[in-house]
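One structure is given here, and the rest of the page talks about it.
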Amino acid sequence: MRTKLTILSIFITSVVFAQDIHRCGTVEAVQFRNEQNPGYKQAVEATFNAAKIHTSQKTASEPAPIYRIPVVVHIVYNTPEENISDDLVHAQIARLNKDYRRLNEDTADTRSEFLPVAADAGIEFYLAGEDPQGNPTGGITRTQTSRSDFAPDFFGNGMDDVKQSSMEGVDSWDTDNYLNMWVCDLAGTNPLFQIFGFAYPPAGAPNWPANNGAPSSELEGVVVHYEVFGDGNPLAVGTMSVSDQGRTAVHEVGHYLGLRHIWGDALFGDGCTEDDGIDDTPNASANAAQQCNFSNNTCVDGGSVDFPDMIENYMDYAQDRCMNLFTQGQVDIMRSMLETARTELADESVEPSGIQDFLDESEVGLFPNPSNGNIQVQLPANHACLAIRVFDLSGKQINATNGSLSGQLIDVNTTVSPGAYILQLDFAEGMLNKRFTVY
Ligand code: ZN
Ligand code: CA
């Protein structure tokens, strides 16, 4: 009984502190699992500390690979409305790729004091092309359920039901090798406690003892409420409109890769003494509470500058429209987690580098930018370009021009919807990627 009272008090306290919708249930989920598996919370913290140590031991000269994570999206629906479209899933993957590569459209909104720490995570996501049995797949599963929702109760019970076929949910695919995302009615109908998403942080580096209290690995992954999944979900209206750009999933994947809320989640006392373990996020005692209030400054920072609260951070609770960054410190943790705790998850690819050894990037022009989709590319005089390709941010190739071209002005006419795209120039010596925007 004591256990249940503890959980109840934490849930109620959180709800009262948030004073409105409860955006993310990760802290409660970790607490709940800790009651089921004593030592779990300690394992999460120790894994975080191990990732920090791993980061500090890296040398700057090591190449920084791009990590590419295969994703399976399980859509678990009761009503047709909950059975969201493939297009929305693709829009969600594109949003993840923009935000985790700092290719988002709103980087210009980052306040100048935070520009020095805003960082590209070098992590990309793609829908899995092969299921665990080796069969081709589009990376999306659809299952109708008899459950009207998968909202946890006040005690946290039922939090993981959507991940289990025995509870009318859908079992995960091998969680070591896929990022599982479940999309369902997670918010339910209780107006006091509606969560948009949650995820378990990594809880066991491979060099850990077996009895570290980690929850069953089949439960690893991200759960997101169906009305806020995808960038531009038409159901993200009313209460849900605060997350209309797919950034609930960006936030939950941040937890899945080991990040904490930037305000530190202190439940009692002075919140300024509890931080997120990351050095370059300013101290904060409260979250942004679904607002975009740039005057928030809840703690005095220790250094020579007192920074405002970093409401732009994906790991705060501002509205999607004013979130636009991860910091270098957060990026370091997420990458270290892929190197120490979720070691089988990502494919590694070394981004074409060394291009500067043979090519001065200023020899390559791309204009106008932004454009209406018709751009001109000025190629360097002394290096043959073998192909010019355009990709969208989900990695889909839009078009290609082949040949052995140099010193020319090439027209690239691209009929695409507005957004950010990548122009890839393939030289014999290596590849050069340039970003452009279509309005
Ligand atoms: Zn959260
Ligand atoms: Ca401050």
Side-chain angles (χ1 to χ4, degrees), residues 24-26 29-30 32-33 40 44 47 67-77 82-84 86 88-93 95-97 100 123-145 147 150 152 158-186 195-204 214-226 228-230 246 248-259 334 337-338 341-347 394:
C24 163
T26 292
V30 167
F32 180 63
R33 284 246 71 92
Y40 170 65
V44 167
T47 305
Y67 290 120
R68 303 193 71 234
I69 298 179
V71 177
V72 56
V73 176
H74 303 291
I75 297 170
V76 190
Y77 65 98
E82 293 164 17
N83 191 15
I84 64 164
D86 282 2
L88 264 181
V89 175
H90 295 147
Q92 182 64 72
I93 300 294
R95 165 54 59 206
L96 286 162
N97 283 327
Y100 278 81
I123 300 172
E124 298 178 355
F125 303 84
Y126 63 98
L127 287 168
E130 220 174 69
D131 74 11
Q133 287 74 42
N135 302 312
T137 172
I140 302 174
T141 74
R142 293 177 184 279
T143 308
Q144 190 158 21
T145 179
R147 293 269 299 258
F150 288 93
M159 206 121 198
D160 294 311
D161 285 3
V162 72
K163 307 170 184 174
Q164 300 168 78
S165 56
S166 59
M167 305 305 286
E168 301 292 324
V170 172
D171 293 331
S172 54
W173 289 8
D174 171 13
T175 56
D176 288 340
N177 290 290
Y178 298 92
L179 163 51
N180 285 259
M181 292 188 175
W182 287 267
V183 179
C184 64
D185 184 349
L186 182 65
I195 58 175
F196 286 7
F198 76 98
Y200 292 119
S216 165
S217 68
E218 293 81 55
L219 303 179
E220 295 287 315
V222 167
V223 184
V224 176
H225 181 64
Y226 75 101
V228 295
F229 191 84
T248 292
V250 171
H251 175 110
E252 297 307 336
V253 171
H255 284 310
Y256 170 81
L257 294 175
L259 298 184
M334 292 193 284
M337 286 297 184
L338 290 170
R342 299 204 188 278
T343 53
E344 291 172 54
L345 185 66
D347 316 326
S394 71

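Residues: numbered from 1 along the sequence shown.
The minimum heavy-atom distance between Leu127 and Gly138, with the atom names listed, is CB-O, 3.5 Å. Residues Glu218 and Trp182 come closest through the heavy atom pair O-CH2, 4.3 Å. Considering all non-hydrogen atoms of both residues, Ser172 and His74 come closest at CA-NE2, 4.2 Å. When all heavy atoms are compared, the tightest approach of Arg95 to Gly246 is CG-O, 3.6 Å. In this structure, Leu219 and Tyr200 approach most closely via the heavy-atom pair O-CD1, 3.7 Å. Here the closest non-hydrogen pair linking Ala203 and Val44 is CB-CG2, 3.8 Å.
Rounded to the nearest 0.5 Å, atoms CZ (Phe150) and OG1 (Thr145) are 4.0 Å apart. The line from OG1 of Thr343 to CG of Asp176 is 7.5 Å long, rounded to the nearest 0.5 Å. For the atom pair CZ of Arg342 and CE of Met334, the computed distance is 12.5 Å after rounding to the nearest 0.5 Å. We find the CD-CG distance between Gln92 and Asn97 to be 10.0 Å, quoted to the nearest 0.5 Å. Atom CD1 of Ile69 and atom CG of Leu338 lie 5.0 Å apart (nearest 0.5 Å). The structure places OG1 of Thr26 at 11.0 Å from CG of Leu259, a figure rounded to the nearest 0.5 Å.
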Arg33 and Met159: CA distance, side-chain angles, deciding distance, side-chain contact (heavy atoms from CB on, under 4.5 Å) verdict: CA-CA 10 Å; Arg33 284 246 71 92; Met159 206 121 198; over 6 Å; no
Check against side-chain contact (heavy atoms from CB on, under 4.5 Å), Met181 and Leu96: CA-CA 13 Å; Met181 292 188 175; Leu96 286 162; 3.6 Å; yes
CA sep, side-chain torsions, deciding dist, call: Ile123, Val253, side-chain contact (heavy atoms from CB on, under 4.5 Å): CA-CA 11 Å; Ile123 300 172; Val253 171; over 6 Å; no
Residue pair Tyr256, Leu345: steps toward the side-chain contact (heavy atoms from CB on, under 4.5 Å) verdict: CA-CA 12 Å; Tyr256 170 81; Leu345 185 66; 3.4 Å; yes
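Two residues are said to be in side-chain contact when any heavy atoms from C-beta on lie closer than 4.5 Å; Phe198 and Asp160 meet this criterion. Within the 4.5 Å cutoff, the side chain of Asn135 has no heavy atoms near those of the Glu130 side chain. Using a 4.5 Å heavy-atom threshold, the side chains of Ile75 and Phe229 count as separate. Val30 is listed as a side-chain neighbour of Pro201, based on a closest heavy-atom distance under 4.5 Å. Side-chain contact between Phe196 and His251 is absent, with no heavy-atom pair separated by less than 4.5 Å. No side-chain heavy atom of Val183 sits less than 4.5 Å from a side-chain heavy atom of Leu88. With contacts defined as side-chain heavy-atom distances shorter than 4.5 Å, the pair Tyr126/Pro70 qualifies. Side-chain contact check for Val170 versus Cys184: every heavy-atom pair is 4.5 Å or farther apart.
Put simply, the side chain of Arg147 gets close to the backbone of Met167: a donor and an acceptor are under 3.5 Å apart. Under the 3.5 Å distance criterion, the side-chain polar atoms of Tyr100 are matched with a main-chain donor or acceptor of Val250.
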